[in-house]
Number of protein chains: 2
Amino acid sequence: MRLSEGVEWTVHCCTLLAGLPPDAALSAKKLAEFFDVPPDYLAKHMQQMSKAGIVNTKKGPNGGYSLAKPARDITLLDMVEAIDGRVCSFKCTEIRQRGPSGVSPCSYKTPCGIARAMRKADQVWRDELRKTTLADLQIIGLRETPPEQMNKAITWLKGLFT
Amino acid sequence: MRLSEGVEWTVHCCTLLAGLPPDAALSAKKLAEFFDVPPDYLAKHMQQMSKAGIVNTKKGPNGGYSLAKPARDITLLDMVEAIDGRVCSFKCTEIRQRGPSGVSPCSYKTPCGIARAMRKADQVWRDELRKTTLADLQIIGLRETPPEQMNKAITWLKGLFT
DNA sequence: TAATAACGGATAAAATATATCCGTTATTAT
DNA sequence: ATAATAACGGATATATTTTATCCGTTATTA
């Protein structure tokens, strides 16, 4: 029961992208360098973000990734689901239908109570993730990032757009 | 991001145990037969339930597993955590500290905003699971199990305690 | 005393997550 | 035009986790 590492990577990437000048883009290679993660693998994840409509892509020199919409309109859930999918964390294999007491599948009118409770919990989890937007994360980042790191980051970014 | 199959198995097993006469017990072998799942592997999971204090165990002939407390006092969360543990589904690897902009670890006063949002969502998920008790699941089972299956189950169980 | 059953440890097998590589296409700066 | 850049998709490799089995030990009971 663990979210893939790609979730952490891509959410951080999007937070960084949210702070970029309007028409700027960062390549997978540069993003990977910034966070010190495997470039090729991060690229795969960013492609999923692109498919999910969260980021735009631009090929060629000075190309890369940029946000596809305002940070306010991108939720944490959007990003989590782009990487980890939308299927419920609980997979019901209908074991109630198996074994010596099982009867024909059409006899079961509703999903079993266990599956229903699990799905409800999964739902509130997603609802909670939906409450946080990329804009929220960006503001938290601006407020809480150590000043020294902020300076280093700005310097590093400036070096790219010259 | 998926719960292990063992969660489904053990919750179903506990629901069955909840319906047994007070001093009756069912062995891993019998439980596995009832649900048609691998006996040895189910046994491993039931041992985790035992360690978590959810079921009692009794060795020897006519031994097996029985509930360690009233169904009302066992939550779905208890059972989920017995199998899948209590660690948050999001693992923060502190990538903010890495790369060219990272600064010394002691500069970071709080967990990053992303980790905090993820933990909050994990918390509401657990809170929701805590709301459902084994007694609730038992009642739902009694109400919704097809009559034909109920009869077969009772017959099968009677065959064991003679 | 023989059969049953939990328990713990050691593997083994299967599935999934992580990671790399390569050829293709699109784009841009020179 | 051309060379360099960068996303994209597919194939493949590696690592980790999940699933599953097996076995010896101990406790218990008929």
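Keep in mind that what you see is a predicted model, and the values were worked out from it rather than measured. Convention: sequence-line order gives letters A, B, ...; per-chain numbering from 1.
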Exercise. For D/dT28, what is the paired nucleotide under Watson-Crick or G-U wobble rules, both distances under 3.5 Å?
Worked result: C/dA3
Exercise. So what's D/dT2 paired with, Watson-Crick or G-U wobble, going by both distances under 3.5 Å?
Worked result: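 Across any shown strand, D/dT2 pairs with C/dA29.
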Exercise. When only distance counts, do a donor and an acceptor, one from the side chain of A/K44 and one from the base of D/dG10, lie under 3.5 Å apart?
Worked result: yes
Can you check whether [X] has a side-chain N or O nearer than 4.0 Å to OP1 or OP2 of [N]?
{"X": "A/S50", "N": "D/dA7", "value": "no"}
{"X": "B/S4", "N": "D/dT19", "value": "yes"}
{"X": "B/T57", "N": "C/dA5", "value": "no"}
{"X": "A/Y41", "N": "D/dT14", "value": "no"}

When you measure from the side chain of [X], which nucleotide among [options] comes out closest?
{"X": "B/Y65", "options": "D/dA30, D/dC8, C/dA6", "result": "C/dA6"}
{"X": "B/P38", "options": "C/dT4, D/dA20, C/dT16", "result": "D/dA20"}
{"X": "B/K59", "options": "C/dA6, D/dT5, D/dA6", "result": "C/dA6"}

Integer-rounded Å distance: [N] [atom2] and [X] [atom1]:
{"X": "A/H45", "N": "D/dA7", "atom1": "NE2", "atom2": "P", "answer": "15 Å"}
{"X": "B/E5", "N": "D/dT19", "atom1": "CD", "atom2": "C1'", "answer": "8 Å"}
{"X": "B/K58", "N": "C/dC7", "atom1": "NZ", "atom2": "C1'", "answer": "17 Å"}
{"X": "B/L42", "N": "C/dA6", "atom1": "CG", "atom2": "P", "answer": "10 Å"}
{"X": "A/K29", "N": "D/dT5", "atom1": "NZ", "atom2": "P", "answer": "7 Å"}
{"X": "A/K91", "N": "C/dT16", "atom1": "NZ", "atom2": "C1'", "answer": "13 Å"}
{"X": "B/R2", "N": "C/dT16", "atom1": "CZ", "atom2": "P", "answer": "7 Å"}
{"X": "A/M49", "N": "D/dC8", "atom1": "CE", "atom2": "C1'", "answer": "17 Å"}

Exercise. Should we say atom NZ of B/K69 is surrounded by more than 12 heavy atoms from elsewhere, each under 6.0 Å from it?
Worked result: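 Yes, enclosed.
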Exercise. Can you tell me if NZ on B/K29 sees more than 12 non-hydrogen neighbours from other groups inside 6.0 Å?
Worked result: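 For B/K29, atom NZ is not crowded (no more than 12 foreign heavy atoms under 6.0 Å).
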Exercise. With nearest nucleotides of DNA chain D determined for A/M1 and A/K30 from heavy-atom distances, which residue corresponds to the more 5′ nucleotide?
Worked result: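 On the 5' side of the pair lies A/K30.
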Exercise. On DNA chain C, nearest-nucleotide positions of A/N62 versus A/G6: which is more 5'?
Worked result: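 The residue closer to the strand's 5' end, by nearest nucleotide, is A/G6.
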Exercise. Toward the 5' end of DNA chain C, which comes first, B/M46 or A/P61, by nearest nucleotide?
Worked result: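 The residue whose closest nucleotide sits nearer the 5' end is B/M46.
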For this session: Looking only at non-hydrogen atoms, find the nearest pair between A/A121 and B/L129 and report the distance.
Result: CB-CD2, 3.5 Å
So, [X] versus [Y]: side-chain donor-acceptor pair below 3.5 Å or not?
{"X": "A/T15", "Y": "A/Q138", "value": "no"}
{"X": "A/S66", "Y": "A/N56", "value": "no"}
{"X": "A/E144", "Y": "B/T110", "value": "yes"}

For this session: Using a heavy-atom cut-off of under 4.0 Å over every strand shown, decide if B/D40 touches base, sugar-phosphate, or nothing.
Result: base
For this session: Check every strand shown and say whether A/A28 touches a base, only sugar-phosphate, or nothing at a heavy-atom separation below 4.0 Å.
Result: sugar-phosphate
